[in-house]
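Counting starts at 1 for both ligands and their atoms, following the listed order. Nothing here was measured: the structure is a model prediction, and the numbers come from that model.
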Amino acid sequence: MMKYWSERTKRCTPYIPGEQINDPAIIKLNTNENPYPPSPRVKEAIQQEMENSLHRYPSSTLDSLRKVIARQEKVQKENVFVGNGSDEVLAFAFMAFFSPDKAIRFPAITYSFYPVYANLFQIPFEEIPLKRDFTINEHDFFRSVGGVILPNPNAPTSIYTSLECIEAIIKNNPDHVVIIDEAYVDFAPGTAVSLINRYDNLLIVKTLSKSRSLAGLRVGYAIGHKHLMEALIRIKDSFNSYTVDRLAIVGAKAAMEDTSYFAETTAKIIQTRNWVVTEMEKRGFFVLPSATNFIFAHSPDYDAEMLYQQLKAKNILIRYFKKPTIDQYVRISIGTDNMMKKFFQQVDEIIG
Ligand SMILES: Cc1ncc(COP(=O)(O)O)c(C=O)c1O
C-alpha cells in the first residue's frame, strides 16, 4: 500500500528505540532510565489531579509548570518551553531553527534521533568525526552553515565537554542556533543554562526522563532567549495546542519541586556509577570517562555483540550499536547497587 504514502513518509527512516520489555525478571540496563521511582510527591499530585479535572483540557501555555522550572533553573518563565518529552522539544527546535537549504552539524557519534529529524524535515547535515579518544574538537563546530546540535554529555559516549568549549562553539556561530542537549547533565559537572543571558543563539534542552525518574510521563523542556521560546511556541501551536497532559503537568511540577529527593537519587547513581567503573576495569574493560547515568565500555578480550547477546540470554538487557567505530562497545545504564551486583554475577559467569 506504499502508493498511498506521501513523499515524506517514504523518505523517513524512523528511530529505533531500545527494547522495552516489561518483564520483572529482566534487569533493564538498556535505555538509560533511572532505577529509582520518582519522588513520592509525584504520585500524590497525579492522584489528586485524576480525581479533579481530567474532563477539562490542560493548559496550552503551561504557565504553572514553566514557573516551577524557571525557579529551579534560575531563569524567567519566558525563557522556558515545555514539551512531551525532550524528543518532542528537539523536533520542534529542528523545525523552528534549522532550514532545508543549510547544513547543520552534529558529532558523527551521537544521539541517533538527530539524523532522523534532519531527514524528516529535509535539513542537510554534516556528521563531524570525533577525536580518537571520542572527545569533540570544538573548532570543527565553528562557523556552521545552518546551526549546531550537540549533546553534553554526549550519548552514547558519556563524555562531558567543558563549558569553555561549549561557549566557544556558541560564540563562533553568531548567526545560527546552537542546541545543547543536556539530557544527562545532572550527572555531570555543570549546565550551560547561565550562558543564555549572554548568548541569544543558545538553546538548552533538558528532560525529566533521566535524573527525575519520569521517563514514563514524557516531559522535557528548553531554556533560551525569549525570542527562541516564541519560535518554539509558534511551531507547537501550529501542531498541537495540548502536547503535555494534566497528569504530566502536575507530576512534573512535583518532581521539580522535590529538590532533596532529586539530589539524593542523583548522588546515589553517581556513587554506583563510580563503583561500576572500578569493577569493569578490574575485569579488563576500558571504560570511557562517564558524566552520565550510563557507561560506554569495551573489552579487548570479548566481542561486544556476543556479550550483549549472552547477557540477554541471562535476562540482563544492555545496549549494543552495530555501527562502525563503536561496534566493539556496549552501553550499560546504571541501576541500583543490587541490580549492578546481579549484572556482575552474570558477567563473571560469561567471561569466566
Ligand atoms: C541525548 C538524548 N537526548 C534526548 C533524549 C530523549 O529523552 P526524552 O524524550 O525521554 O525526554 C534522550 C533519551 O535517551 C537522549 O539520550
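On a distance-only criterion, Thr31 and ligand 1 share no N/O pair closer than 3.5 Å. Looking at ligand 1, you'll find an N or O of Arg218 within less than 3.5 Å of one of its N or O atoms. Polar contact check, Tyr184 against ligand 1: a nitrogen or oxygen pair lies under 3.5 Å apart.
Taking every non-hydrogen atom of Ala183 and a distance limit under 4.0 Å, the qualifying atoms of ligand 1 come out as 2 (C), 3 (N). Interface atoms of ligand 1 facing Thr207, defined by a heavy-atom separation under 4.0 Å, are 8 (P), 10 (O), 11 (O). Using a 4.0 Å cut-off to heavy atoms of Gly85, the atoms of ligand 1 that qualify are 9 (O), 11 (O).
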- Evaluate ring-ring contact (aromatic ring centres under 6.0 Å, His included) for Tyr117 paired with Phe98, printing each intermediate quantity in order. CA-CA 11 Å; Tyr117 288 141; Phe98 297 156; over 10 Å; no
- Message: Before you tell me yes or no, could you show the steps for Tyr114 and Asp181 under side-chain hydrogen bond (donor to acceptor under 3.5 Å, both in side chains), namely the whole-Å CA-CA distance, both residues' side-chain angles and the distance that decides it to 0.1 Å?
- Response: CA-CA 11 Å; Tyr114 304 156; Asp181 178 352; 2.7 Å; yes
- Task: Determine, stepwise, if the pair Tyr308 / Phe321 fulfils ring-ring contact (aromatic ring centres under 6.0 Å, His included).
- Result: CA-CA 10 Å; Tyr308 156 76; Phe321 302 93; 9.8 Å; no
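Residue contacts with ligand 1: Gly220 is excluded, as none of its non-hydrogen atoms falls under 4.0 Å. For Lys210, the heavy-atom gap to ligand 1 drops under 4.0 angstrom. Proximity of Asp181 to ligand 1 is established by a heavy-atom distance of less than 4.0 Å.
Taking each of Phe113, Tyr111, Tyr15 in turn, the one with a heavy atom nearest to atom 5 (C) of ligand 1 proves to be Tyr111.
With contacts defined as side-chain heavy-atom distances shorter than 4.5 Å, the pair Phe125/Glu127 qualifies.
When non-hydrogen atoms are compared, ligand 1 lies under 4.0 Å from the side chain of Ser209 (C-beta onward) but not from its backbone.
Judged by distance alone, the side chains of Asp186 and Ser211 do bring a donor and an acceptor atom under 3.5 Å apart. Looking at Asp303 and Gln328, their side chains do bring a donor and an acceptor atom within 3.5 Å of each other. Between Tyr184 and Asn154, the side chains place no donor N or O within less than 3.5 Å of an acceptor N or O (distance only, hydrogens not considered). Side-chain atoms of Glu49 and Ser53 include a donor-acceptor pair closer than 3.5 Å.
Among all protein heavy atoms, the one lying closest to atom 6 (C) of ligand 1 is Asp87 OD1, 3.1 Å. Among all protein heavy atoms, the one lying closest to atom 7 (O) of ligand 1 is Ser86 OG, 3.1 Å.
The ring pair (Phe, Tyr, Trp, His ring centres under 6.0 Å) test with Phe92 singles out one residue from Phe239, Phe121, Tyr221, and that residue is Phe239.
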